[in-house]
Amino acid sequence: MSTSLQDPTLELLKTLVAIDSVNPSLVPGGAGEGEIARAIAAELAAAGCAVEMTEVAPGRPNVLGVLEGRRPGRSLLLCGHIDTVGVTGMAAPFSPVERDGRLYGRGAVDMKGGVAAMLGAARLLADQGGLAAGRLLVGAVADEEYTSLGAEALARAVGADAAVVTEPTDLVVAVAHKGFSWVEVTTAGKAAHGSRPLDGRDAILRMGRVLGRLEALDRTLQAAPPHPLLGTASLHASLIEGGLELSTYPDRCTLSLERRTLPGEAVEAGPREVAAILEQLVREDGELQAASRFLFGRPAYETPAGHPLPALLETALARAGRPTRRGGVSFWTDAAVLGHAGIPTVIFGPGGVGLHAVEEYVRIDEVLTCRDVLAEVAREFCAGE
């Protein structure tokens, strides 16, 4: 593994971090993925890949590079998202700084480090004579930080025998992650002067009953037998608002909550549980007015047991002198989109600190190791039958 300060993968990573690719669906006015997609397309073309750019929303493209082997074989997709969250509070988010073996800047670990590793793997393979067999696909996708428009479009457009999503795992071979559902709950009251309790109905106090039942549900979820890699399911109240002013009974209260799910649980589990709680509360108090609605959700995912890709990654890691560990990640990833579209997927990427935080960095040595491992795995997997 090269550790030179002039390593082309490190230089590419710096270039990617220097490009503003804040998701405009998250942050109004965000630059989006256009500029970074063009840079990635140029890098893939320089590595000898056939390149295609496809807009998944106006001005927001995916990039797909394809490196064909010299004879038929299996296909492997390397996939990473190229959008980032916002930069509030960061002094110089797009000025990459290399210090103490780390590369600092917005998106360094989430997940331009992983994207640089997969692009570097394609370049390494091309420089070493290409693939003997099979097909390597490199997908750089938009919008993961919002609704994963890019991964959904990619999954519709291409097929592969397996995939690696290069989200940050600290080089752990991650074969599972949690899902989530977002639910909104509303309780209705009746506005009245604060001195007239007989005329008013307090929507916020009524939401308190809902919160109490939700807390009990969360305790039940976390007391259940844990998933061996992911722990337990959970629930938390994320946002709450209500009321008009201090001297007025609140006529409305709105709660937004998140239910984290495990493999085997439906995205609809959370909405169903919340609806059952409200039904029970209404049975207990016929005057209670409460309703819920499902906002958005994504399923959990687990790599099919016995699939060869995790073991290939572990073998390549060991050859690189790294310890190997199989695990899961608690956060959601585009692996679920690919996996549920029929592409067995593993999450594997370089680690760091500060996802969505004011200070963010990726460990440079892990980016380079990830690149080398991906190149070796692509050679071996694509040559298989």
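Quantities reported herein were computed from a predicted structural model and do not represent experimental measurements.
Arg106 forms no cation-pi arrangement with Phe94, by the criterion of a distance under 6.0 Å to the ring centre and an angle within 45° of the ring axis. Geometric assessment of Arg298 against the ring of Phe180 yields a negative cation-pi assignment under the 6.0 Å and 45° thresholds.
Taking both residues in full, the closest heavy atoms of Leu317 and Pro323 are given as CD1-O, 4.2 Å, listed atom of the first, atom of the second, then distance. Taking each heavy atom of Gly107 and Thr84 in turn, the nearest pair found is CA-CG2, 3.9 Å. Pairing each heavy atom of Ala122 with each of Leu44, the nearest pair is CB-CD2, 4.5 Å. Heavy atoms only, all atoms of each residue included: Met111 and Gly80 are closest at CE-CA, 3.3 Å. Counting all heavy atoms, side chain and backbone alike, Ala341 lies closest to Ala155 at CB-CB, 3.8 Å. Summarising the geometry of Thr232 relative to Ala224, their closest heavy-atom pair is CG2-O, 3.6 Å, with the distance given to 0.1 Å.
Listed for the Thr303 side chain is a donor-acceptor partner under 3.5 Å among the backbone atoms of Thr345. When atom types are taken as modelled, the side chain of Asp334 and the backbone of Ala336 share no donor-acceptor pair closer than 3.5 angstrom. Formation of a donor-acceptor pair under 3.5 Å by the Asp110 side chain with backbone atoms of Leu355 is not found in this model. Of the possible donor and acceptor atoms, none in the side chain of Asp83 sits under 3.5 Å from a partner among the backbone N and O of Asn23. His340 places a side-chain N or O within 3.5 Å of a backbone atom of Ala300 that can act as its donor or acceptor partner. Distance alone, capped at 3.5 Å, is enough to place a donor-acceptor pair between the Asp143 side chain and the Ser148 backbone. Panel note: side chain Lys178, backbone Ser330; no donor-acceptor pair is recorded below 3.5 Å. With hydrogens and angles ignored, the 3.5 Å screen pairs a side-chain donor or acceptor of Arg206 with a backbone N or O of Asp202. A donor-acceptor contact shorter than 3.5 Å is absent between the side chain of Thr324 and the backbone of Glu314. Using a distance-only test at 3.5 Å, with no hydrogens or angles considered, a donor-acceptor pair links the side chain of Thr315 to the main chain of Ala311.
Placement of Val165 and Leu119 in two distinct hydrophobic clusters is found when ILVMFWY residues are connected by side-chain heavy-atom separations under 4.5 Å, directly or transitively.
Salt bridge status for Glu376 with Arg379: absent, with no side-chain N to carboxylate O gap under 4.0 Å. Comment: Arg319 engages Glu380 in a salt bridge, judged by a side-chain N to carboxylate O separation of less than 4.0 angstrom. One finds no salt bridge joining Arg38 and Glu43 here, because no Lys/Arg side-chain nitrogen approaches an Asp/Glu carboxylate oxygen to under 4.0 Å. With respect to Asp251 and Arg201, no salt bridge is recorded, no charged nitrogen being found less than 4.0 Å from a carboxylate O.
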Original post:
Is there a side-chain contact (heavy atoms from CB on, under 4.5 Å) between Tyr301 and Thr333 once you walk through the steps?
Top reply: CA-CA 9 Å; Tyr301 180 69; Thr333 81; over 6 Å; no
**OP:** Test side-chain contact (heavy atoms from CB on, under 4.5 Å) on Leu136 and Val66 and set out the steps.
**Re:** CA-CA 6 Å; Leu136 178 68; Val66 180; over 6 Å; no
**OP:** Would you check, one step at a time, whether the test side-chain contact (heavy atoms from CB on, under 4.5 Å) holds for Cys253 with Ile240?
**Re:** CA-CA 7 Å; Cys253 184; Ile240 191 166; 3.8 Å; yes
**OP:** Just do the salt bridge (charged side-chain N to carboxylate O under 4.0 Å, His left out) check on Asp170 and Arg322 with the steps written out, would you?
**Re:** CA-CA 11 Å; Asp170 302 313; Arg322 293 278 188 169; over 6 Å; no
**OP:** I would like to know whether Arg219 and Glu215 meet salt bridge (charged side-chain N to carboxylate O under 4.0 Å, His left out); could you show each step before the answer?
**Re:** CA-CA 6 Å; Arg219 287 197 297 267; Glu215 183 178 14; 3.7 Å; yes
**OP:** Under the side-chain hydrogen bond (donor to acceptor under 3.5 Å, both in side chains) rule, what do Arg259 and Ser181 come out as? Steps first, then yes or no, please.
**Re:** CA-CA 5 Å; Arg259 165 74 151 84; Ser181 57; over 6 Å; no
**OP:** Please test Glu33 against His81 for side-chain hydrogen bond (donor to acceptor under 3.5 Å, both in side chains), starting from the C-alpha separation and ending with a verdict.
**Re:** CA-CA 10 Å; Glu33 300 87 353; His81 71 83; over 6 Å; no
Original post:
Can you list the steps and then say if Ser25 with Arg60 is a side-chain contact (heavy atoms from CB on, under 4.5 Å)?
Top reply: CA-CA 11 Å; Ser25 297; Arg60 304 184 64 190; 3.1 Å; yes
**OP:** Could you walk me through whether Glu284 and Arg213 pass the salt bridge (charged side-chain N to carboxylate O under 4.0 Å, His left out) test, one step at a time?
**Re:** CA-CA 13 Å; Glu284 296 171 6; Arg213 300 296 172 89; 2.7 Å; yes
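Side-chain contact between Val56 and Leu154: absent, with no pair of heavy atoms (C-beta onward) separated by less than 4.5 Å. Between Pro96 and Tyr104, the closest side-chain pair of non-hydrogen atoms is not below 4.5 Å. Two residues are said to be in side-chain contact when any heavy atoms from C-beta on lie closer than 4.5 Å; Arg135 and Leu137 meet this criterion. With contacts defined as side-chain heavy-atom distances shorter than 4.5 Å, the pair Val337/Trp332 qualifies. Looking only at side-chain heavy atoms (C-beta outward), Val115 and Ile40 come within less than 4.5 Å of each other.
Defined by atom type and a distance below 3.5 Å, a donor-acceptor pair is missing between the side-chain atoms of Glu366 and Thr369. Inspection of the His356 and Glu145 side chains reveals an N or O donor paired with an N or O acceptor under 3.5 Å. In this model, a donor atom of one side chain and an acceptor atom of the other lie less than 3.5 Å apart for Ser238 and His236.
Remark: aromatic rings of His177 and Phe331 are distant, center separation not under 6.0 Å.
In this structure, Arg283 places its CZ atom where more than 12 heavy-atom neighbours from other residues, nucleotides or ligands lie under 6.0 Å away. For Arg252, the CZ atom is loosely surrounded, since the number of other residues' heavy atoms within 6.0 Å does not exceed 12. Residue Glu287 places its CD atom among 12 or fewer non-hydrogen atoms of other residues, nucleotides or ligands, all under 6.0 Å distant.
Checking each of Ile36, Val362, Leu12, Leu103 against Val17 for a side-chain contact (heavy atoms from CB on, under 4.5 Å) leaves exactly one that passes, namely Leu103.
With values rounded to the nearest 0.5 angstrom, Leu257 atom CG is found 5.0 Å from Leu235 atom CG.
Residues passing the salt bridge (Lys or Arg N to Asp or Glu O under 4.0 Å) test with Glu184, sequence neighbours excluded: Arg293.
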